[in-house]
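What you see is a predicted model; the values in this text were computed from it and never measured. The chains referred to below are lettered A, B, ... by the order of the sequence lines, with proteins before strands, and numbering in each begins at 1.
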Number of protein chains: 2
Amino acid sequence: MQNLRIPGPTPCPPETLGELSRQMINHRGPEFADIQGRIMERLKLFFRTQNEVYILTCSGTGAMEASIVNTLSPGDRVLAVSIGEFGERFALIAEAYGAHVRKLEFEPGTAADPAAVAAALREDPDTKAVLVTHNETSTGVTNDVQAIGKAVRAANPDVLYIVDAISSLGCIPFATDAWDVDVATTCSQKGFMIPPGLAFITLSPRAWRAYEQAKMPRFYLDAGLYRDYARKGQPPWTPAVSLYYGLDKALDMMYQEGLEQTNARHHDVAEYTRTRVKALGLKLLAEPRYASDTVTSVVVPEGVNAGQLLGVLNSDFGTVLAAGQGKLAGKIVRIGHMGIVDRRDIDAAIDALSAALDKLGYRQPAA
Amino acid sequence: MQNLRIPGPTPCPPETLGELSRQMINHRGPEFADIQGRIMERLKLFFRTQNEVYILTCSGTGAMEASIVNTLSPGDRVLAVSIGEFGERFALIAEAYGAHVRKLEFEPGTAADPAAVAAALREDPDTKAVLVTHNETSTGVTNDVQAIGKAVRAANPDVLYIVDAISSLGCIPFATDAWDVDVATTCSQKGFMIPPGLAFITLSPRAWRAYEQAKMPRFYLDAGLYRDYARKGQPPWTPAVSLYYGLDKALDMMYQEGLEQTNARHHDVAEYTRTRVKALGLKLLAEPRYASDTVTSVVVPEGVNAGQLLGVLNSDFGTVLAAGQGKLAGKIVRIGHMGIVDRRDIDAAIDALSAALDKLGYRQPAA
């Protein structure tokens with residue numbers, strides 16, 4: 001079987017995949033209300049929130065859009081903290097909807113500096129929202145959302161703190177309420193061990209107050225409709241029913257392992273990945289203290305073509321790694337380790353990487 | 001097994017459900033490009049278009065939103081032809097994005113009058129787009145999209161003709177290019193025999209010219225990004241991979257049956273449904289000449305509570321019909337017959353309906 005080691009979609013366990021083949025039911029009937037209610041209740045644990053978590057039928061990008069259009073108005077001043085492609089995407093979405101976006105960028109491989117975020121907020125007291133990516137899969141770096149949040153609140157207690165937790169939630173510790181995050185989003189195909197197609201969003205009371213004033217247009221992604229329909233045990237629009245079946249099972253499994261244990265396993269596997277990559281004589285892109293526990297970016301060594309490397313890994317070794325994106329295209333390859341993953345998956349991936357490099361004539365420099 | 005007879009999600013055949021449990025692959029890799037290319041090419045037959053058909057990960061409502069935000073600007077004058085709840089929804093979406101919407105409403109149970117649509121267009125020559133629902137599931141009525149299209153073009157050759165073909169395409173004859181439709185949308189859980197989660201959209205050259213001028217904000221649903229990424233065999237955002245597997249198989253099956261044969265089967269099953277409902281002494285909501293071939297609306301007889309009827313059908317007879325919506329709530333129940341359906345499914349549903357009515361003390365009036 002293929003060793004799919006990209007930062008999502010992640011391989012799914014047979015337990016959740018098996019559920020996907022169940023027959024359809026009426027999404028406006030009592031059976032669906034049971035499933036939706038059970039899922040919404042249990043998602044709260046993973047968001048570590050007391051507020052409701054809504055389920056959207058879309059990708060993570062749709063959820064990012066939802067977090068913006070439900071809380072902001074055209075012309076609102078927004079601080080977009082970017083440490084890579086997904087930070088850029090958050091800024092692009094806000095711009096597409098007419099926000100006045102100021103970008104605060106950090107070098108690829110580094111995390112956002114909380115003091116710099118606070119300083120930027122102090123420079124522009126009219127800022128309505130700060131957009132932050134918790135875990136940047138394009139570089140393999142995790143932002144310190146808690147520390148940034150503290151700095152944000154110290155600089156501007158009323159600002160909306162909007163976090164993309166797509167590739168972290170369920171894998172890397174995240175605490176919506178304790179960290180005073182106003183909008184948090186994630187999706188199905190990363191930590192939740194089911195295929196893509198569902199995304200999740202939660203809004204704080206502060207975010208709901210912003211919702212009442214927000215004038216960006218919205219319909220499919222209107223959080224208020226999700227809130228109103230949730231009272232009836234329904235989603236506003238026809239949902240991706242099969243994925244609800246899978247998610248229900250995935251949540252059983254995640255409860256069984258326990259959130260802290262899941263987080264610890266991800267940390268262990270990530271450390272193991274970094275150790276094995278370095279042992280091949282390869283360089284990691286991310287600063288060690290910010291290295292992600294869900295994806296590792298490996299610098300492609302001089303003389304090796306990244307596209308060729310990924311091709312040989314796939315065709316000859318059944319291993320699928322991800323390419324670099326944007327500025328990092330051709331410069332790095334990325335190893336995903338989120339969801340159902342253990343050290344053996346990493347052993348197989350790194351052995352394949354080593355063999356593929358050999359095949360391409362790369363010689364590890366002498367120690 | 002439950003007899004799920006609602007206007008979507010429809011029951012899925014084991015062949016497509018079985019595909020949903022396949023393992024994930026890289027949506028940016030060559031295997032996915034193969035699947036996406038094959039599906040996009042074959043979807044053209046069902047839309048009867050030479051233009052590309054794009055696959056969105058969302059419900060049909062998302063596709064309706066896509067058809068508006070990709071072609072229009074705030075302030076644009078739009079004529080929304082409404083024969084029921086989904087016509088209303090189309091108008092609501094356009095209004096949410098700032099269009100100036102004029103509604104042309106027809107009585108529930110009747111279809112839109114092409115001459116009235118043309119007259120409305122002539123009254124307002126600045127109209128940029130006409131929104132039409134091909135098949136209105138809330139009433140069980142099918143609009144004559146071809147005749148409306150002819151009237152529309154005669155009144156205003158440049159107007160955008162935007163059609164929601166969600167509950168018709170693949171079941172009821174539809175011809176995007178021959179009928180000069182500019183934007184057509186549908187989704188996965190109706191005629192395509194797979195669960196909800198995917199929607200499809202195609203744009204004419206006239207619609208693409210409108211796209212270049214359109215100023216409504218869009219990101220997740222930006223058709224231009226779907227077009228650009230399609231050249232690489234990719235979707236812009238992570239797609240609902242499992243549903244692509246199912247769709248690939250469904251298209252095999254639909255090609256095998258043949259589009260004309262599929263349409264004929266839907267017509268036969270619908271006629272059979274209407275005959276059997278009338279034989280119970282019950283009234284149909286839709287005018288016979290516009291009665292839908294994918295959903296039949298049955299008027300709930302005096303003295304019977306619609307909610308109770310649906311409850312007994314589900315709990316005692318394993319049959320799930322749909323409730324009335326909006327103004328028709330409590331007044332009708334709806335029988336879906338789209339996708340994989342034959343006369344035996346209808347026999348089972350009508351036998352259950354008859355027995356449930358008996359149980360509720362309803363006595364058929366003497367002939």
Side-chain angles (χ1 to χ4, degrees), chain A residues 1-2 4 6 8-12 14 17-30 56-62 64-65 69 74 89 92-93 96-98 187 189 194-198 216-222 235-243 246 310 314 320 322-323, chain B residues 1-2 4 6 8-12 14 17-30 56-62 64-65 69 74 89 92-93 96-98 187 189 194-198 216-222 235-243 246 310 314 320 322-323:
Chain A
M1 208 182 73
Q2 203 180 55
L4 182 66
I6 62 174
T10 62
C12 301
L17 286 180
E19 293 295 310
L20 303 183
S21 294
R22 281 171 54 193
Q23 188 52 272
M24 292 299 95
I25 55 174
N26 181 7
H27 60 295
R28 309 237 171 261
L56 315 172
T57 293
C58 62
S59 83
T61 301
M64 292 164 76
E65 185 165 317
V69 297
R89 184 175 297 179
L92 286 173
I93 296 171
Y97 277 85
C187 60
Q189 77 274 17
I194 60 169
L198 296 182
M216 281 180 183
R218 56 194 179 226
F219 195 86
Y220 184 65
L221 298 172
D222 190 326
W237 328 121
T238 313
V241 173
S242 322
L243 295 170
L310 293 171
N314 189 352
V320 179
Chain B
M1 208 182 72
Q2 203 181 57
L4 182 66
I6 63 173
T10 62
C12 300
L17 286 179
E19 294 295 310
L20 303 181
S21 293
R22 282 171 54 191
Q23 188 53 273
M24 291 299 96
I25 55 174
N26 180 8
H27 60 296
R28 308 235 171 264
L56 315 171
T57 292
C58 62
S59 84
T61 301
M64 290 165 75
E65 185 164 319
V69 298
R89 184 175 295 177
L92 286 173
I93 296 170
Y97 278 85
C187 60
Q189 78 274 18
I194 60 168
L198 296 183
M216 281 179 183
R218 57 193 178 227
F219 195 86
Y220 184 64
L221 297 173
D222 190 326
W237 327 122
T238 313
V241 174
S242 321
L243 294 171
L310 294 172
N314 189 353
V320 179

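Among A:G29, A:G98, A:S59, the residue with the largest count of heavy-atom pairs under 4.5 Å with chain B is A:S59. No other option in B:G18, B:C187, B:C12, B:S242 has as many heavy-atom pairs under 4.5 Å with chain A as B:C12.
Judged by distance alone, the side chain of B:Q23 and the main-chain N or O of A:P11 form no donor-acceptor pair under 3.5 Å. Side chain of A:T57 to backbone of B:C58: no donor-acceptor contact under 3.5 angstrom is found. Checked by atom type and distance alone, the side chain of B:Y220 never pairs as donor or acceptor with a backbone atom of A:G60 at under 3.5 Å.
For chain B, the nearby part of A:N314 is the side chain; its heavy atoms alone come within less than 4.5 Å. Both the backbone and the side chain of A:L92 come within contact range of chain B, each with at least one heavy atom under 4.5 Å from a heavy atom of that chain. In this structure, chain A has heavy atoms under 4.5 Å from both the backbone and the side chain of B:P195. When heavy atoms are compared at a cutoff of 4.5 Å, A:P30 approaches chain B solely by way of its side chain, counted from C-beta outward. Using a 4.5 Å cut-off between heavy atoms, A:I93 contacts chain B through both its backbone and its side chain.
Minimum heavy-atom separation, A:G197 to B:A240: CA-CB, 4.1 Å. Nearest heavy-atom pair across B:L4 and A:N26 is CD1-N, 3.7 Å. Nearest heavy-atom pair across B:S21 and A:S21 is OG-OG, 2.7 Å.
Going from atom CD of B:E19 over to atom CG of A:L20 covers 12.5 Å, rounded to the nearest 0.5 Å. Expressed to the nearest 0.5 Å, how far CG of B:L310 lies from CZ of A:R28 amounts to 14.0 Å.
Put simply, the side chain of B:Q2 reaches to within 4.5 Å of the side chain of A:I25, judged on heavy atoms. At a threshold of 4.5 Å between non-hydrogen side-chain atoms, the residues B:W237 and A:M64 do not count as touching.
In this structure, the side-chain contact (heavy atoms from CB on, under 4.5 Å) partners of A:T10, at least two apart in sequence or on a different chain, are A:M338. The side-chain contact (heavy atoms from CB on, under 4.5 Å) search around A:P196 returns A:P9, A:Q189, B:M24, B:T238, B:V241, not counting sequence neighbours.
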